[in-house]
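The sequence lines fix the lettering, A, B, ..., with proteins before strands; numbering per chain opens at 1. From a predicted model like this one, the values you see are computed outputs, not experimental measurements.
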Number of protein chains: 2
Amino acid sequence: MNTVYIVGIGPGEYKKMTIEAVDILKKCDIIVGYTVYIQLLMPYFPQKTYIDTPMKKEEERCRLAFQTAQKGHDVALVCSGDAGVYGLAGLMILLEKEYPGCRTEVVAGVSSMLSGAAVLGAPLIHDFAVISLSDLLTPWEKIEKRLLYAAEADFVICIYNPSSKKRADYLQKACDIILNKRSETTECAVVRNIGRQGEESVCMTLKCLREYRADMFCTVFIGSSMTKRIGERLVTPRGYNIEKF
Amino acid sequence: MNTVYIVGIGPGEYKKMTIEAVDILKKCDIIVGYTVYIQLLMPYFPQKTYIDTPMKKEEERCRLAFQTAQKGHDVALVCSGDAGVYGLAGLMILLEKEYPGCRTEVVAGVSSMLSGAAVLGAPLIHDFAVISLSDLLTPWEKIEKRLLYAAEADFVICIYNPSSKKRADYLQKACDIILNKRSETTECAVVRNIGRQGEESVCMTLKCLREYRADMFCTVFIGSSMTKRIGERLVTPRGYNIEKF
């Protein structure tokens, strides 16, 4: 049985990978992934065969990983963050039965909600929802509904894929939906290039977030009604005598 | 300036820590944490001074970390999973200003939603909500409201702290709320002792989950309407020609 490891590499910095991810990448002779992540990994694991495919070629990338494993190689398919959060772990498991002799194993990594939250302080200490604004694979109406209910339930909301060239106004649209249920002064933040060169974070109100020009390197955090700004950090208290703070 | 590192150690197994977490624990001379996690770490980092406090002594534990740092030590406060998800990162940042000369730095780790999802396959590929059923620090009415809206929005729901001795029927109550909005046949799963000795997972319908006796070592996953069971694994597809599967 040939195993394809589906490895979450975290935000990109070597030290933010798990020991397990590093061990598996060392062990595998072939590493498959999206071009940008392959370029991040190459300096750390120099003596490997890399197979990279561009964005939107996810199914092709998955099939390449299986086909290579069927030839007897130890293969890792890498995803940024965690392979199980908007990553390829799902598609791989669904495709597995088409490749007899292959099995898949998912190796968890630090998703950008967690690495971004660490940069900001502690916005996700309490209940939260994670929503992608990409409507490539999801109807926009479903995304809108989730934003509305998440706002109404007073979750902290972490937004993946807040914007792209073709979806320049999606974050604004999302903020408008949330503003139906939540105050303009709700504490929010954007973290950009998490764990990579040029990492930056900025805290702002929901009103300001509506005007913010996010790009595909941003992860967005919208606080609950409890979320507080402490200097340049965000904290969602969990109830430890919070009236004191 | 003395830094207290707030370190998420992942589910407990050494290899599921990040390189960064290991580097910081090696560097610090004093490690503060909940008794159970301290016992997990001691074999990996033998020549350290450990300070452990029992459950429900969270504020005391945080203050001990600061007081020790003020004496000039390099201190790590450890949390299981990620320190920023139901962990102590929030309380530490709120308390920081009471300890002049101290600063805090959060080091992200693999939270049990991610390590549990990897065991199960890929339940969290698409939008999801994370809810704790512990009402020690949150009014139960708020938890109920979040469960209801999360169910209505068709999020995958990951439940932390599903039960304890005093809250033996909370998972049942949560299932009853969700059953108002979702089918009895919704795919669900429980993962127990993630990344520790005795790790086990079991898939079941929402109807069966209602009868399941969870304990405090369990993390519970409730699928969206899209979540599928593939053998003993759960996958939430993301829309890649899913009619094929």
In terms of side-chain heavy atoms, does B:Arg233 have a donor or acceptor partner in A:Thr104 at a distance below 3.5 Å?
yes

Between B:Val156, B:Leu234, B:Asp23, B:Val106, who has the most heavy-atom pairs with chain A when the cutoff is under 4.5 Å?
B:Val106

Sequence neighbours excluded and cut-off under 3.5 Å, please list the side-chain donor-acceptor pairs for residues 112-119 of chain B, or say none.
residue: B:Ser112; atom: OG; partner: B:Thr219; partner atom: OG1; Å: 3.4
residue: B:Ser115; atom: OG; partner: B:Ser111; partner atom: O; Å: 3.4

Validate the cation-pi geometry between A:Arg238 and B:Tyr86: distance from NZ or CZ to the six-membered ring centre under 6.0 Å, angle to the ring axis within 45°.
no

Taking every non-hydrogen pair under 4.5 Å, which of B:Gly84, B:Ala108, B:Ala122, B:Ala129 racks up the most with chain A?
B:Gly84

Any residue of residues 10-17 of chain A which, by heavy atoms, sits under 4.5 Å from chain B
A:Tyr14, A:Lys15, A:Lys16, A:Met17

Does any N or O in the side chain of B:Asp127 come within less than 3.5 Å of the main-chain N or O of A:Ile143, such that one atom is a donor and the other an acceptor?
no

Nearest 0.5 angstrom please: A:Ile230 CD1 to B:Glu96 CD, how far?
9.5 Å

Could you have a look at B:Glu105, B:Met92, B:Glu152 and say which one has the most heavy-atom pairs with chain A under 4.5 angstrom?
B:Glu152

Please rank B:Thr236, B:Val107, B:Asp154, B:Thr138 by heavy-atom pairs under 4.5 Å with chain A and give me the top one.
B:Asp154

Looking only at heavy atoms, which two atoms of B:Ala153 and A:Lys145 are closest? And how far apart?
CA-CE, 4.4 Å

Kindly compute the distance separating CD1 (A:Ile125) from CG (B:Leu137), expressed to the nearest 0.5 Å.
11.0 Å

So, using side chain to side chain contact (heavy atoms under 4.5 Å, CB included) as the criterion, who are the partners of A:Leu136 when residues are at least two apart?
A:Lys56, A:Ser134

Determine the minimum heavy-atom distance between B:Ala89 and A:Gly121, stating which atoms define it.
CB-O, 4.4 Å

Of the listed A:Leu120, A:Asp82, A:Leu148, the one with the largest count of heavy-atom pairs under 4.5 Å with chain B is A:Asp82

Between B:Val235 and chain A, with a heavy-atom cut-off of 4.5 Å, which part of the residue counts as in contact: side chain, backbone, both or neither?
side chain

What pairs of residues pass the ring-ring contact (aromatic ring centres under 6.0 Å, His included) test when at least one of them lies in residues 125-144 of chain B, not counting sequence neighbours?
B:Trp140-B:Tyr170

Check the pair A:Phe155 / B:Ile131 against side chain to side chain contact (heavy atoms under 4.5 Å, CB included), numbers first and verdict last.
CA-CA 9 Å; A:Phe155 281 114; B:Ile131 302 174; 3.7 Å; yes

Are A:Met226 and B:Lys142 close enough, and set up right, to give a side chain to side chain contact (heavy atoms under 4.5 Å, CB included), and what steps lead you there?
CA-CA 12 Å; A:Met226 303 289 282; B:Lys142 189 154 196 174; 4.2 Å; yes

Checking B:Val22 against chain A: side chain, backbone, both or neither under 4.5 Å from a heavy atom?
side chain

About how many Å separate OG1 of A:Thr18 and CD1 of B:Ile19, when rounded to the nearest 0.5 Å?
7.5 Å

